[in-house]
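Worksheet: one structure, shown below.
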Amino acid sequence: MEAVAGRGGESAGELLLRAAALVPAEHYALAALVVVSVLAYRFLELHFLGDLLRGFRGGRVELTFHPASEIYHRVASKCRSLHGRYLATPWLASPHLQTLFLGISGRPPSFTYKRQLYTVHDGGTIALDWLLAADSKDTDGILSKDASTPLVVIVPGLTSDSAAAYVKHLAYSMARKGCNTVVSNHRGLGGVSITSDRFYNAGWTEDLREVINYLDHEYPNAPMLCVGTSIGANILVKYLGEEGENTPVAGAASICSPWDLVVCDRFITRKLVQRFYDKALAFGLKGYAKLHQPVLARIANWEDITKSRSIREFDHHATCIVAKYETVDTYYRRCSSASFVGNVSVPLLCVSALDDPLCTREAIPWDECRANKNIVLATTPNGGHLAFFQGLTAGRLWWVGAVSEFLLSLLDSKYMHQQKAQDHIFHSSLQSSIDKSPYVNVMEDGMVAPVTDDGPCDDASPSNQMVNDIKQDNGDIAQQSEHAKELYDKNTIEGNAMPSQSPEQHAKQQVEEPVNKFHDAIAPVKRSINQLIRYQGKSVWLLAYIAFVTSWPLLGSLAFIAFRKKFRNNLSAKWLRR
């Protein structure tokens, strides 16, 4: 009885601790492991168990398109990748693991680009990295003017360049399938310095516009295709929407586009795991800024840039100041490609993962894509951001195969976009800013080496063609001057045959007739000068010289009008003497 009473005197907590002490430590470790695993499973958004329950068949690819879309019925319907399933690599069954593995390794193929430095109209420099198809003929470093092999232009994502794993996967895949590929690196990336006061941003389409028009001018016989990734996809779709029918691009693909920058900005700060991405991307942007500190520190607040801890803060202290946006939200709204989807007139495949940890599914413009007959939107349940790894070894990216299949199917069809006849006034500056730099090789270790020794320039080069155009314009000016002279002589003869007039009428007619004649004569000259102005690469002094030579008759006429009273008095005095 005493023993029972003694035990009954213990509190419930003491009894619980005594019972807990009887449980082996291994059981506690196992329970802790289970709890941590469940938390990690949810935190990392793993889907391994879901794949296991589905028998590792993967998730179905969902397509969104207009019911009457010829692009779907005649092109996308032939792509097996778009009508199958996507199964992620089992040991990367998480959007975060896939995205992290892509950034760390990605297992890209090994090859070497050929580099071309291209200078845009404002003095900025863009690195164009080429990977040619196996059967392409290499002439002077790149391609011949009459090359007809399809050309694929790749636009990388934020702070990425041609060395990124996913870019190399795509370039290598397209080159193996017979296409020439060129990566249009953003300004200040790819080992190239900033040579102007312009920086790229999520809505900066001018560089892409110049590069596309330049390539179309250089290789008019080659069908041009474009693929944008992440921020590059936003830039590409925005460009296509701005241009509408007025673009030489025959087909395009958008991979993991953010679509709506305002929505993505809210999303990336919503959860703890997304905040890690926000800080990581801000760190990458600050690294990009440090590469170009001398320029950026001069035009923006450098101290605030270095203190930025998020993408939004960086955009506030750098992007908005350089690009002259009033607020960050203004920048995001104006540069979101979702607003330009309705005006896209090029066959466009859009690929997005519903578990993308950076570009949320909430930003996808489902209705706008469904309303446009040129767009096919493909979404997968899994894939991460630009990853979509396949196979046990994670050696392939699913979206690379899907894009390749779509673009090749488009090339075999009659539904490639054809640019309508147009006046090239808006884009004529491209033809004067064609790169004259030597071609170089970018080695695996980052070293740059020239492809060929310096040699004489080709007479058929665009720069020489520009000079020929100037000569032709000068010839036209000379012909127009001769025509003006003939008109003047003819009018003089007719004037002498007219009946006699009063001195005042005669003097007034002598003043007005030369003015009218010269106005008519210099009108075509003005048009020629306007054509010359469109060549941005020509010297300002040349334009000044042409303007002086061609406008001196007008200046003489104006001087005559200014002193006509004196001339009139002289004429009246002579008439009275008679």
Side-chain angles (χ1 to χ4, degrees), residues 109-121 124-156 161-163 167-168 170-187 189-192 195 207-227 248-250 407 411 427 429-444 446-467 537:
S110 179
F111 59 84
T112 302
Y113 292 108
K114 293 181 180 179
R115 170 158 290 186
Q116 176 187 3
L117 298 178
Y118 174 77
T119 304
V120 295
H121 72 280
T125 304
I126 297 175
L128 302 178
D129 290 334
W130 292 80
L131 181 63
L132 305 183
D135 57 348
S136 295
K137 294 182 179 179
D138 191 346
T139 58
D140 294 334
I142 306 296
L143 298 173
S144 61
K145 291 280 289 185
D146 57 350
S148 59
T149 303
L151 177 61
V152 179
V153 182
I154 303 174
V155 188
D161 54 24
S162 58
V167 174
K168 300 188 78 172
L170 177 61
Y172 185 74
S173 175
M174 297 305 301
R176 286 189 61 187
K177 294 177 180 178
C179 297
N180 296 318
T181 61
V182 55
V183 182
S184 178
N185 294 284
H186 300 295
R187 297 189 185 203
L189 292 172
V192 177
T195 55
D207 289 348
L208 179 61
R209 181 175 289 105
E210 290 205 25
V211 168
I212 287 176
N213 285 342
Y214 158 68
L215 294 174
D216 179 60
H217 177 272
E218 284 290 279
Y219 315 108
N221 298 326
M224 189 183 308
L225 307 169
C226 289
V227 181
V249 176
L407 295 180
L411 290 172
H427 305 301
S429 62
L430 303 173
Q431 300 177 7
S432 68
S433 60
I434 294 175
D435 175 63
K436 306 174 184 62
S437 302
Y439 298 113
V440 297
N441 272 345
V442 183
M443 310 303 291
E444 287 293 336
M447 298 298 291
V448 177
V451 174
T452 57
D453 297 332
D454 294 337
C457 296
D458 187 3
D459 292 338
S461 65
S463 56
N464 290 331
Q465 181 65 36
M466 178 185 69
V467 176

Do Thr125 and Thr195 have side-chain atoms, one donor and one acceptor, less than 3.5 Å apart? yes

Assess whether side chain to side chain contact (heavy atoms under 4.5 Å, CB included) is satisfied between Val182 and Ile154, documenting all intermediate values. CA-CA 6 Å; Val182 55; Ile154 303 174; over 6 Å; no

Would you mind reporting whether Val152 and Cys226 have side-chain heavy atoms less than 4.5 Å apart? no

Whether Tyr113 side chain and Ser162 backbone form a donor-acceptor pair below 3.5 Å: yes

Only one of His186, Arg187, Arg115 forms a side chain to side chain contact (heavy atoms under 4.5 Å, CB included) with Val192, so which one is it? Arg115

Between CG of Leu128 and OG of Ser184, what distance do you get to the nearest 0.5 Å? 5.5 Å

To check you understand the geometry: which heavy-atom pair defines the closest contact between Asp216 and Met224, and what is its length? N-CE, 3.5 Å

Taking the inter-plane angle between the rings of Tyr219 and Trp130 on a 0 to 90° scale, is it parallel (under 30°), tilted (30 to 60°) or perpendicular (over 60°)? perpendicular

Would a distance-only check, ignoring hydrogens and angles, find a side-chain to backbone donor-acceptor pair under 3.5 Å from Thr181 to Leu131? yes

Gap between atom CG of Asp207 and atom OH of Tyr118 - 0.5 Å precision: 9.0 Å

How long is the straight-line distance from OG of Ser173 back to NZ of Lys168, given to the nearest 0.5 Å? 14.5 Å

Any chance you could measure Asp146, atom CG, to Asn221, atom CG, to the nearest 0.5 Å? 6.5 Å

Expected output: side-chain Asn180 to main-chain Ala133 donor-acceptor under 3.5 Å: yes

Less than 4.0 angstrom from a charged side-chain N to a carboxylate O is my criterion; do Asp129 and Lys114 meet it? no

Any side-chain heavy atom of Pro223 sitting closer than 4.5 Å to one from Leu411? yes

Could you report the tightest heavy-atom contact between Cys179 and Thr149, atom names first, then the distance? CA-CG2, 4.2 Å

As a quick check of understanding, evaluate side chain to side chain contact (heavy atoms under 4.5 Å, CB included) for Leu151 and Leu225, giving each step before the final call. CA-CA 6 Å; Leu151 177 61; Leu225 307 169; over 6 Å; no

Sole residue of Leu215, Val120, Ile126 in side chain to side chain contact (heavy atoms under 4.5 Å, CB included) with Glu210: Val120

Between His217 and Lys145 the two heavy atoms that sit nearest each other are O-NZ, 3.6 Å

